[in-house]
Chemist: 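I have a structure I would like to understand better, so I am pasting it below and will then ask my questions one at a time.
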Amino acid sequence: MSTQRRRWGAVAVLALFGAVLAGCGKGVDGPPAPKAPSAETVWEVAGSMTATGPNGPRKGVPDAPLQAINGDGGKYDKLALNSISDLQEFWTAAYPKNFPGTFTPVSIFDSWDAAAPRKQAIQFCGESTYHVVNAAYCSLDHTIGWDRGVLLPAVVAKFGEMAVVMVLAHEYGHAIQGQARLAGMRTPTLVLEQQADCLAGVFLRHVAEGDSAHFTLNTTDGLNAVLGATVAIRDQDPSDPKNAHGSAFERVTAVQIGYSDGAQGCKSITTQQIAQRRGTLPVSFQPGEEFAQLPVTAESLNSLSQALSTIFPTSRKPQFDYAGVVKNCSNVTATEPVSYCPTANKIGTDVPALAKRGAPANGEEDPLSAAVNGDYNAFVIFVSRYVLAVQNDRKLGLTGAETAGLRTACLSGVVTTKLSEPRSDPRLSAGDLDEAVSELLSEGLAASDVNGKVVPSGYQRVEAFRTGVLEGEQACLSRYK
């Protein structure tokens with residue numbers, strides 16, 4: 001007999017907006033050595049940030065005195081120009097502290113309506129804007145342009161006004177790159193795009209600290225929505241050679257590097273650093289994987305449990321019950337659809353309910369959805385309950401969203417990396433990290449303590465998972481005590 005190796009597969013997502021932001025900057029060489037993200041959480045170092053405060057445009061603040069060529073003076077152009085005004089002010093002050101040479105702000109802005117007739121289209125970066133649903137920086141003439149008719153309304157409707165700020169902060173990042181000598185003509189597009197994401201993260205930190213003239217950003221709903229927009233505008237087909245931005249995991253990582261480490265962290269993003277981050281993590285589908293999903297069944301969960309016991313062995317193996325969550329566990333509120341009971345050392349799973357979480361989306365998907373559907377959406381929750389058993393075995397606390405919850409997300413990240421190794425069975429496949437990020441940004445059960453308590457910030461949940469994926473077990477244990 002032989003055992004067929006199984007791999008988790010990603011679900012292809014409708015990529016109507018897949019070209020948004022793609023190829024929007026031209027860039028640069030600059031080989032600073034890779035630098036690890038800060039081990040200090042941003043909420044510990046930035047007391048002026050607020051979790052529950054206002055989010056979005058400030059009320060009563062005059063609009064910026066900027067104008068866009070072909071603009072209509074409407075709310076979306078005003079939103080874009082106010083964003084650019086604050087970006088100009090920020091980088092005018094921050095650029096000389098971080099980069100060589102003299103900063104030259106972008107001074108020409110173009111606005112168009114992608115839904116307008118051809119005769120109303122304008123030329124942007126040497127091309128017609130007819131039906132161009134995009135926002136971009138043009139290095140040919142140092143300009144930034146955006147579609148006010150389709151793109152910006154769709155982004156606002158889905159993620160809120162701060163997502164537009166993120167889009168334009170990304171584009172302004174491209175305007176910074178050439179001046180700062182971060183990249184050159186031979187720099188791969190993936191590096192250019194992740195540097196731009198990073199530089200956008202630097203500005204978002206500035207906004208979250210309350211220093212932006214036109215905008216505020218809280219660190220829960222506000223930042224969650226901004227990261228959701230980042231996930232939505234990702235490389236949705238890992239096997240597409242035209243991929244430009246990176247996966248959702250990589251894009252969020254780049255934003256978080258800028259947010260946590262500042263502009264100096266963005267200097268570390270190079271081809272070598274991205275390759276180092278990727279390690280054994282899958283970035284493209286193996287033959288036959290693209291539409292293959294590992295069914296969430298008792299059999300597949302049993303196979304995964306065996307892999308987990310090898311990755312994180314315990315002195316007393318937990319019991320696995322696939323008939324439902326553990327009921328009547330002393331002093332513990334059972335989490336659905338997978339729970340861990342410390343007193344019984346048992347992991348209970350409602351398999352049909354868990355399978356629903358891992359099912360592909362039915363019907364036509366929203367092209368701007370931050371939901372990445374697939375099997376690892378479910379399996380990462382199962383993994384998280386197992387690592388609670390590991391923590392219990394090591395006499396670590398299991399309650400507290402900011403301690404046990406984030407440590408659980410972090411250790412789940414450690415397991416995820418282990419599952420990507422060539423000999424792992426089951427083995428991670430391209431897209432699974434994005435599915436985990438999607439779960440963490442939405443409900444976040446994989447970052448919950450034994451009672452299902454989670455921190456409200458999706459940023460923190462993803463950061464903890466990313467720490468485990470990239471830095472390993474010891475980083476989890478030292479950071480989340």
Chemist: A side-chain contact here means heavy atoms from C-beta on lying under 4.5 Å apart; do Arg394 and Leu477 qualify?
Modeler: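 When only atoms from C-beta onward are counted, Leu477 and Arg394 do touch, with a gap below 4.5 Å.
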Chemist: With side-chain hydrogen bond (donor to acceptor under 3.5 Å, both in side chains) as the criterion, how do Ser111 and Arg148 come out once you've worked through the C-alpha distance, each side chain's angles and the decisive distance to 0.1 Å?
Modeler: CA-CA 6 Å; Ser111 170; Arg148 68 174 182 273; 2.8 Å; yes
Chemist: Is the number of heavy atoms from other residues, nucleotides or ligands within 6.0 Å of CD (Glu127) greater than 12?
Modeler: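 For Glu127, atom CD is not crowded (no more than 12 foreign heavy atoms under 6.0 Å).
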Chemist: Judged by atom type as modelled, is there a donor-acceptor pair below 3.5 Å linking the side chain of Asn377 to the main-chain atoms of Gly358?
Modeler: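 Side chain of Asn377 to backbone of Gly358, a donor-acceptor pair under 3.5 Å: no, none is there.
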Chemist: Could you report the tightest heavy-atom contact between Glu473 and Phe312, atom names first, then the distance?
Modeler: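 Answer, listing the atom of Glu473 first, then Phe312: OE1-CE2, 3.5 Å.
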Chemist: Could you please spell out the steps behind the side chain to side chain contact (heavy atoms under 4.5 Å, CB included) verdict for Thr417 and Leu281?
Modeler: CA-CA 7 Å; Thr417 295; Leu281 299 173; 4.2 Å; yes
Chemist: Measuring from atom CD1 of Ile108 to atom NE2 of His142, what distance do you get when rounded to the nearest 0.5 angstrom?
Modeler: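 Answer rounded to 0.5 Å: 9.0 Å.
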Chemist: With a 4.5 Å limit on heavy-atom distance, are the side chains of Glu161 and Asn82 in contact?
Modeler: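 Result no, sub-4.5 Å side-chain heavy-atom pair not found.
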Chemist: Locate the shortest heavy-atom distance separating Ala404 from Gly397; write the atom from each residue and the value.
Modeler: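 Shortest heavy-atom separation between Ala404 and Gly397 comes out as CB-O, 3.5 Å.
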Chemist: On the 0 to 90° scale, with breaks at 30° and 60°, tag the His174-His170 ring pair as parallel, tilted or perpendicular.
Modeler: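 Rings of His174 and His170: perpendicular, as their planes differ by over 60°.
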Chemist: Is the number of heavy atoms from other residues, nucleotides or ligands within 6.0 Å of CD (Gln179) greater than 12?
Modeler: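 Counting neighbours around CD of Gln179, more than 12 heavy atoms of other residues, nucleotides or ligands fall under 6.0 Å, so yes.
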Chemist: Looking at Thr216, is its backbone amide N or carbonyl O close enough to the side chain of Arg58 to form a donor-acceptor pair, meaning the two atoms are under 3.5 Å apart?
Modeler: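 No; zero donor-acceptor contacts below 3.5 Å.
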Chemist: What closest approach, in Å, do Gly458 and Asn224 show between heavy atoms, and which atom pair accounts for it?
Modeler: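 Taking every non-hydrogen atom into account, N-OD1, 2.7 Å.
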Chemist: Side-chain contact, heavy-atom cut-off 4.5 Å: Leu199 with Phe203?
Modeler: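 Not in contact.
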Chemist: Compare all side-chain heavy atoms of Phe159 with those of Met166 and state whether any distance is below 4.5 angstrom.
Modeler: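 Result no, sub-4.5 Å side-chain heavy-atom pair not found.
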Chemist: Of all the heavy-atom pairs spanning Leu152 and Tyr76, show the shortest one and how long it is.
Modeler: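 That closest heavy-atom pairing would be CD1-O, 3.8 Å.
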Chemist: I need the Arg407 CZ to Cys476 SG distance, nearest 0.5 Å.
Modeler: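 Spacing of CZ (Arg407) from SG (Cys476) equals 9.5 Å.
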Chemist: Test your reading of the model: is there a side-chain donor-acceptor pair from Arg461 to the backbone of Leu440, 3.5 Å cut-off?
Modeler: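 Flag set: sc Arg461 to bb Leu440 pair under 3.5 Å.
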Chemist: Going through the checks in order, is the side chain to side chain contact (heavy atoms under 4.5 Å, CB included) test met by Phe90 and Ser212?
Modeler: CA-CA 8 Å; Phe90 171 72; Ser212 172; over 6 Å; no
Chemist: Give the minimum heavy-atom separation between Lys481 and Thr403, together with the two atoms involved.
Modeler: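 Smallest heavy-atom distance, with atoms named: O-CG2, 2.9 Å.
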Chemist: Under 3.5 Å, is there a donor-acceptor pair between the side chain of Tyr459 and the main chain of Leu227?
Modeler: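 Between the backbone of Leu227 and the side chain of Tyr459 there is no qualifying donor-acceptor contact (under 3.5 Å).
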Chemist: Side chains of Phe99 and Lys267: does their closest heavy-atom pair fall under 4.5 Å?
Modeler: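 They are in side-chain contact.
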Chemist: Is it the case that Ser448 and Arg385 place a side-chain donor and acceptor less than 3.5 Å from each other?
Modeler: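 Distance-only check passes for Ser448 and Arg385.
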Chemist: Could you walk me through whether Arg277 and Gln194 pass the side chain to side chain contact (heavy atoms under 4.5 Å, CB included) test, one step at a time?
Modeler: CA-CA 12 Å; Arg277 264 194 273 140; Gln194 291 199 22; 2.9 Å; yes
Chemist: Would one find more than 12 heavy atoms of other residues, nucleotides or ligands at under 6.0 Å from atom CD of Glu421?
Modeler: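 Enclosed: over 12 neighbouring heavy atoms sit under 6.0 Å from CD of Glu421.
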Chemist: Working to the nearest 0.5 angstrom, can you tell me the gap between Thr129 OG1 and Asn70 CG?
Modeler: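 Here the interatomic distance stands at 7.0 Å.
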Chemist: Are any side-chain N or O atoms of Asp63 and backbone N or O atoms of Lys78, one a donor and one an acceptor, separated by less than 3.5 Å?
Modeler: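 No: the side chain of Asp63 does not pair with the backbone of Lys78.
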Chemist: Within a strict 4.5 Å, meaning less than it, do heavy atoms of the Trp146 and Val164 side chains meet?
Modeler: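 They are not in side-chain contact.
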Chemist: Does Thr467 use its side chain to pair, donor to acceptor, with the backbone of Cys410 at less than 3.5 Å?
Modeler: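 No, Thr467 side chain to Cys410 backbone: no donor-acceptor pair under 3.5 Å.
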Chemist: Just verifying a value: how many Å separate Cys138 SG and Asp110 CG, rounded to the nearest 0.5 Å?
Modeler: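 Taking SG in Cys138 and CG in Asp110, the distance rounds to 9.0 Å.
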Chemist: Determine yes or no for a side-chain-to-main-chain donor-acceptor pair under 3.5 angstrom, with Asn218 supplying the side chain and Gly53 the backbone.
Modeler: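 Pair found, side chain donor or acceptor close to backbone of Gly53.
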Chemist: Strictly distance-based, threshold 3.5 Å: is any side-chain N or O of His214 a donor or acceptor partner for the main-chain N or O of Val61?
Modeler: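 No: the side chain of His214 does not pair with the backbone of Val61.
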Chemist: Rounded to the nearest 0.5 Å, what separates atom CG in Asp221 from atom CE in Met162?
Modeler: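 Result: 13.0 Å between the selected atoms.
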Chemist: Under 3.5 Å, side chain of Asp86 to main-chain N/O of Ala213, donor-acceptor pair present?
Modeler: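 Present.
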Chemist: Tell me, do Leu294 and Pro426 make a side-chain contact under 4.5 Å, heavy atoms counted?
Modeler: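 When only atoms from C-beta onward are counted, Pro426 and Leu294 do touch, with a gap below 4.5 Å.
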Chemist: Checking side chain to side chain contact (heavy atoms under 4.5 Å, CB included) for the pair Val255/Asp197: CA distance, chi angles, key distance, verdict?
Modeler: CA-CA 5 Å; Val255 172; Asp197 281 337; 4.0 Å; yes
Chemist: Any heavy-atom pair between the side chains of Asp449 and Thr408 that's under 4.5 Å?
Modeler: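 A side-chain contact is absent here, since even the closest heavy-atom pair is not under 4.5 Å.
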Chemist: Measure across Leu217 and Val207 and return the closest heavy-atom pair with its distance rounded to 0.1 Å.
Modeler: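 Scanning both residues, the minimum pair turns out to be CB-CG1, 3.7 Å.
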Chemist: Please check this pair: side chain of Ser424 against backbone of Ser420, looking for a donor-acceptor N/O pair closer than 3.5 Å.
Modeler: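 No; zero donor-acceptor contacts below 3.5 Å.
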Chemist: Run through Tyr137, Tyr130, Trp112 and flag the one making a ring pair (Phe, Tyr, Trp, His ring centres under 6.0 Å) with Phe124.
Modeler: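 Single pass found, and it is Trp112.
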Chemist: Could you grab the distance from atom CD of Glu193 to atom CD of Gln177, nearest 0.5 Å is fine?
Modeler: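 The distance works out to 7.5 Å.
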